[in-house]
Enquirer: 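To start, I am sharing the structure in question, which I have written as structure tokens.
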2 protein chains.
Amino acid sequence: MPTTGTGSRPGDPPGRTPAGTAAATPAGRARLNRDIVLRAAVDLADTAGIDAVSMRSLAAGLGVVPMALYKHVANKDELLDGMVEAVVGEIEPARRDEDWKASLRRQVLSARRALLRHPWAPAVIESRPAPTPRVLDHLDSVLATLRSGGLSVPLAHHAMHALGSRVWGFTQEVFPSAPPPEDPAQRAQLVAAMAARWPNIVESAAGAGHDATSTVGAGCDDQAEFEFALDLLLDGIERRHREGWTPAS
Amino acid sequence: MPTTGTGSRPGDPPGRTPAGTAAATPAGRARLNRDIVLRAAVDLADTAGIDAVSMRSLAAGLGVVPMALYKHVANKDELLDGMVEAVVGEIEPARRDEDWKASLRRQVLSARRALLRHPWAPAVIESRPAPTPRVLDHLDSVLATLRSGGLSVPLAHHAMHALGSRVWGFTQEVFPSAPPPEDPAQRAQLVAAMAARWPNIVESAAGAGHDATSTVGAGCDDQAEFEFALDLLLDGIERRHREGWTPAS
DNA sequence: ACCTTCAGGTGTACGGCGTACACCACGTCC
DNA sequence: GGACGTGGTGTACGCCGTACACCTGAAGGT
């Protein structure tokens, strides 16, 4: 039995479950936990589409009454967030044995494969008001790769946005749109906490015109980002044209 | 009668409303029509968010019972399609007095402005199973611009996809995912009908490996499209890096 | 002037959704 | 043995989209 890695809680009791079997209910069904619920939700979305993922039908598939799910996820939004986390967790992390371009390519294509395995995921990711931790992990990994190639902070930042729409769709903001705490000390603490896990994101935010300690969450200059990516594409298209590009096949 | 006679007052005598204005109901409310409904839906989405657009609240805002809306739109999906049409209709069409790159840039930025005015629109556009006519209009216009610059059909097609994610988000398929008719004659007629309005789209589909008369709707080689755009971006980023790019500001 | 027609608006009702709240069945620990 | 916490249950509420039958008033034919 695989250790339910993501679900381990501080209060995990030294669970005396006899003979290694999970405790069973009167009906003989294995006990639910958050991981089982999320996995079932992802499977249901994969096979029946995201619209089929209702608390009621998900519960039915697990042989349980709808309200039972609320013991494991706070509400449906948290369920969706958990599903996103599961999918994003499938993306390969950066490697260290490749140059930045190859590594980046691998990460983006890995992300694409993950999203193709779960076609409902892009829409769900975009519909979430704030990015989940693993989404930030991935973003940070991509930024780290760019920085490792010697790109400046602003260029890495722009490149991130340019690539973003390839990976995440129409994502415009990676930082939570919720306003940061008013109290400067509290805000600094928040930034520090983020920097511990996502150093490149914080660096990028700080270097792109928004002072991380004062305006995190203010968003960056979208228009400049957009035009950078647009001109990148236009220039590239023109270049391909000049070079007499023809389809590979 | 496109004149929306919104001026009727409750005190208006029933019977002959003056000078061709729309008839008023007993309550003095102007009669609904499809345009009024769609416009109200867009306004509601703009001001209260797309989640606030329910048939019930939309009807309430119009001073009407929910079921009254169904006399003007078949169902909620059609309402959403109509809202998309309204937004996409705001995009500036191509000009003829600019070179292809400038024209393209203008069109894309115009599309972006339209979508920024209606932030709910990208998600709705992507959620629709098939593109609406005006979406196809816009796509065709972009393709025409690329072709007018002398780009080959396949290159224009690839460029379209590369740019697509900038404008439409994660759009992967522009052709309806619904299977085309079985009967070859019927299919040929469908293609001909499409070619009349969207010649560049049909040309592009035909030139990109899928024979328009036999496999319209089969989709194109997504992976190749994706990698083309990805490498465009990667090469462009590398080039900016080599050139010592710094932010404009 | 009468009658028909019909587009537009109403009222009622149904099934599905997310979920608040009270409750109960356990296994665990003092 | 009793208190307690965890996980599952049952009921109920207020939203949602929309099917269906109905009404109403103006338009048009005769």
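Proteins come first, then strands; the chains are lettered A, B, ... in the order of their sequence lines, and each starts at number 1.
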Enquirer: Just the rounded figure in Å: distance from C1' of C:dA20 to NZ of A:Lys76.
Expert: 18 Å
Enquirer: State which residues pass side chain to side chain contact (heavy atoms under 4.5 Å, CB included) with B:Glu78; sequence neighbours excluded, sorted by chain then number.
Expert: B:Arg34, B:Val73, B:Ala74, B:Asn75
Enquirer: From the list C:dC17, D:dG8, D:dG17, which nucleotide is the closest neighbour of the side chain of A:Ser54?
Expert: C:dC17
Enquirer: Of the residues in residues 59-75 of chain B, which ones touch DNA chain C at a heavy-atom distance under 4.0 Å?
Expert: B:Val64, B:Val65, B:Met67, B:Ala68, B:Lys71, B:His72
Enquirer: Between B:Asp77 (CG) and D:dC16 (P), how many Å, whole number?
Expert: 16 Å
Enquirer: Once ring-ring contact (aromatic ring centres under 6.0 Å, His included) is applied, do any residues pair with A:His118, and if so which ones, sequence neighbours excluded?
Expert: A:Trp120
Enquirer: A:Arg117: which residues meet the side chain to side chain contact (heavy atoms under 4.5 Å, CB included) condition with it, sequence neighbours left out?
Expert: A:Glu90, A:Arg113, A:Ala114
Enquirer: Picking from A:His138, A:Arg106, A:Gln107, what satisfies side chain to side chain contact (heavy atoms under 4.5 Å, CB included) with A:Glu92?
Expert: A:Arg106
Enquirer: What is the separation between atom CZ on A:Arg31 and atom P on C:dC26, rounded to the nearest whole Å?
Expert: 12 Å
Enquirer: What residues form a salt bridge (charged side-chain N to carboxylate O under 4.0 Å, His left out) with A:Asp46, not counting sequence neighbours?
Expert: none
Enquirer: Write down the distance between CG (A:Asp51) and C1' (C:dG18), rounded to a whole number of angstrom.
Expert: 15 Å
Enquirer: In this structure, how many angstroms lie between the P atom of D:dG17 and the CD atom of B:Glu78, rounded?
Expert: 15 Å
Enquirer: Any donor-acceptor pair under 3.5 Å joining the side chain of A:Arg56 to the base of C:dG18?
Expert: yes
Enquirer: Name each donor-acceptor pair under 3.5 Å that joins a side chain in residues 49-70 of chain A to protein atoms two or more places apart or in another chain, with its distance.
Expert:
| residue | atom | partner | partner atom | Å |
| --- | --- | --- | --- | --- |
| A:Ser54 | OG | A:Ser57 | N | 3.0 |
| A:Ser54 | OG | A:Ser57 | OG | 3.0 |
| A:Ser57 | OG | A:Ala52 | O | 2.7 |
| A:Ser57 | OG | A:Ser54 | N | 3.3 |
| A:Ser57 | OG | A:Ser54 | O | 3.4 |

Enquirer: Can you tell me the distance, in whole Å, between the CE atom of A:Met55 and the C1' atom of D:dC15?
Expert: 17 Å
